[in-house]
There are 2 protein chains.
Amino acid sequence: MKLPQGFRAVGVRAGLKVSGKPDLSLIYSADPLVWSLTTTRNLLQAACVTRNRVRLDSTDPVHAVVINSGNANCATGDQGVTDNTEMARLVADALDLASPDTVLTASTGIIGRHLDMAKLREQIPNLKDQLGDDTDALARAILTTDLVSKTAEVTLPGGGRIVGVAKGSGMIHPNMATMLAFVMTDVVVDQTTLRTLWARIVADSFNQITVDGDTSPNDMALVLSSGRVSADAEGFAGGLEHLAQDLTKQIARDGEGATKLLTIRVRGADSVTDARSAARTVASSSLFKAAVHGNDPNWGRIVSAVGRSNATVDMDRLRVSVQDVVVYHGLPQPFDAKALSQAMDTEDVIVDIDLAVGDKSASAWGCDLSKEYVTINADYHT
Amino acid sequence: MKLPQGFRAVGVRAGLKVSGKPDLSLIYSADPLVWSLTTTRNLLQAACVTRNRVRLDSTDPVHAVVINSGNANCATGDQGVTDNTEMARLVADALDLASPDTVLTASTGIIGRHLDMAKLREQIPNLKDQLGDDTDALARAILTTDLVSKTAEVTLPGGGRIVGVAKGSGMIHPNMATMLAFVMTDVVVDQTTLRTLWARIVADSFNQITVDGDTSPNDMALVLSSGRVSADAEGFAGGLEHLAQDLTKQIARDGEGATKLLTIRVRGADSVTDARSAARTVASSSLFKAAVHGNDPNWGRIVSAVGRSNATVDMDRLRVSVQDVVVYHGLPQPFDAKALSQAMDTEDVIVDIDLAVGDKSASAWGCDLSKEYVTINADYHT
């Protein structure tokens, strides 16, 4: 996939991964970038997360993002902070940038082990000459145990483009799943607008994904704009949200052991917070996820998850549909169990929930719970 | 197990369960009982839960509790409310009690189906003649898919006794796991003291159990006192807490597909709320539960769960031990991975966590996550 105007990227093998797969990548723009970031809220934070958050408050321009996979550089103490800063400095030196402060960093992989800086010192200087104009190498090099690359693009009227790459929830090798998303656009947008917009969009996309309720110390969703092409503000916002949700679904679909993408759409909520919470609670119910795996339209597990989500609900008018079949409306409704189970025997299961108290809505995405998930996570060893 | 003074109980087969196992039981006291109750916080509530909560606010004496298993009488609308009230009336008539309001009710089992009142009308009148002075028939008749009966007793200095029965988290037949606990004591205690005490004890026992994070519309923990024997207030409180935690552990150990009891003990917390939350978050992490199943002392999953629990933590001094071996103290610590994995290959895995910010503590109990859990919950059909 071609990068938006102003961006170049590369992904290479630096030898951080035992598998020998690509594990070092770089995003670069000669012109300074307008950017925004949301990160994990976990108190356990990798050095890259802490450093990028500090950079959010500075006025330094941003020109590059360096990403390594295979090692999360998390729970690595002072040495980890030093290593993370050196990673940025190596990139600044290689690209002739004025300061390491113009370089953001991201890491994903095993936690509690120090980065192999010798390999990074050897490889980072070579990145500049390999920079290209498409996403392919970048999208591959940020993966850990993901089964597939995740990319998405949107082209707006007027020619402005938004392109994103992401990695998700393979958890075999790292201790925790890291969610990384890097979204690049050539659309003109100011920093303040982008930051407000990105916070809202991440809340309705990446933060509404749930594979198993756990969050990683390295989660990060970054958006960068090179500001080359004008676009209608509303069209840009809509395009960015669409792209973020597209990547979100790709991550959920590739969840550990997942065989289905589960979409929970909630409407009729008192507030967006309520709608998000109800959707997320259903999407993360182990009981319902296991039912989805077995093609069972288990309305009891859905209604019960809604009932403990802290959302305001009119329980007498609460309405639940699975694959467009109403299974609950204040009370359980009659339905053809065999036909509905067959309709669920597909890669996309959609649940619609009307809380019947307001006009706010939100969605959440997840996957089914399979025996494979347990195998993967019980057999991994620290 | 012998009941405390003043109590009689029975459990029989009424034919509500397809399996033909015992499914109707009664607790009775000729003298009025001092009592307290905590119930599910789920908005989806069975008729029995709603009715008992109303009874909490009345001054009517309580003489009996009738419990059926096999049918939760939940999501059954107005008919369910009528049936639940009739259940109480049938018991009041059978026992010559002044009013149905002196009878509490509890149901567990499948949801969304009406109670077979014909069977209850036939069997309830026969219960009185079968009342006995031990817990055995009662403890069996409240079970659904539990593998074993759960009973516990404490005898206090002075001879006062506390006896409890509980059922837990078998979820094959009902749509949701119901947690029911009935605790009986002959110790003298006034209503106000008992209610304050029970709320605190349930928060540190039954509410700290987690099999999969889901809550049932029928969960109920009831304590009843016949007030025959005096006891030291502190001794009674300690005994009641010990008994509640004993039943809690029995429920967790018998969790669906469970092969291990997981105990998370948190200390050094800023508040009891923080300690409870941190303990519960670790005990309910699917990732860590799967690691426990595989005998993996995965400190990353523990620290990350603590980090997203909303508890205040000094991350630089956070200390985690598994089976008494320190695995994390601000940073990962060296340990003999093979020896610790062998130490985890037992039915009891204990994790100690010091948040290093205060002097409050709490525990939570759970179980490992096995493939059997997925099999049970994916293969069940609505």
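Order of the sequence lines sets the chain letters (A, B, ...), proteins ahead of strands, with each chain counted from 1.
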- Message: Tell me every residue that passes side chain to side chain donor-acceptor pair (under 3.5 Å) with A:D83, counting only those two or more places apart in sequence or in another chain.
- Response: A:Q79
- Message: Which residues in residues 316-333 of chain A have any heavy atom closer than 4.5 Å to a heavy atom of chain B?
- Response: A:Y328, A:L331, A:P332
- Note on the structure: Test side-chain contact (heavy atoms from CB on, under 4.5 Å), reference A:I302, set A:V282, A:I264, A:T281, A:L287, output is A:V282
- Item | Most chain B-contacting option - heavy-atom pairs closer than 4.5 Å, from A:S309, A:C74, A:G307 | A:G307
- Query: Partners of B:T259 by side chain to side chain donor-acceptor pair (under 3.5 Å), sequence neighbours excluded?
  - Reply: B:D368
- Under the side-chain contact (heavy atoms from CB on, under 4.5 Å) test, which residues partner A:T76, sequence neighbours left out? A:N73, A:H114
- Hey, is CG on B:D78 packed in by over 12 heavy atoms from elsewhere, all under 6.0 Å? no
- Task: Would you indicate whether the side-chain heavy atoms of B:Q342 and B:D336 approach each other to under 4.5 Å?
- Result: no
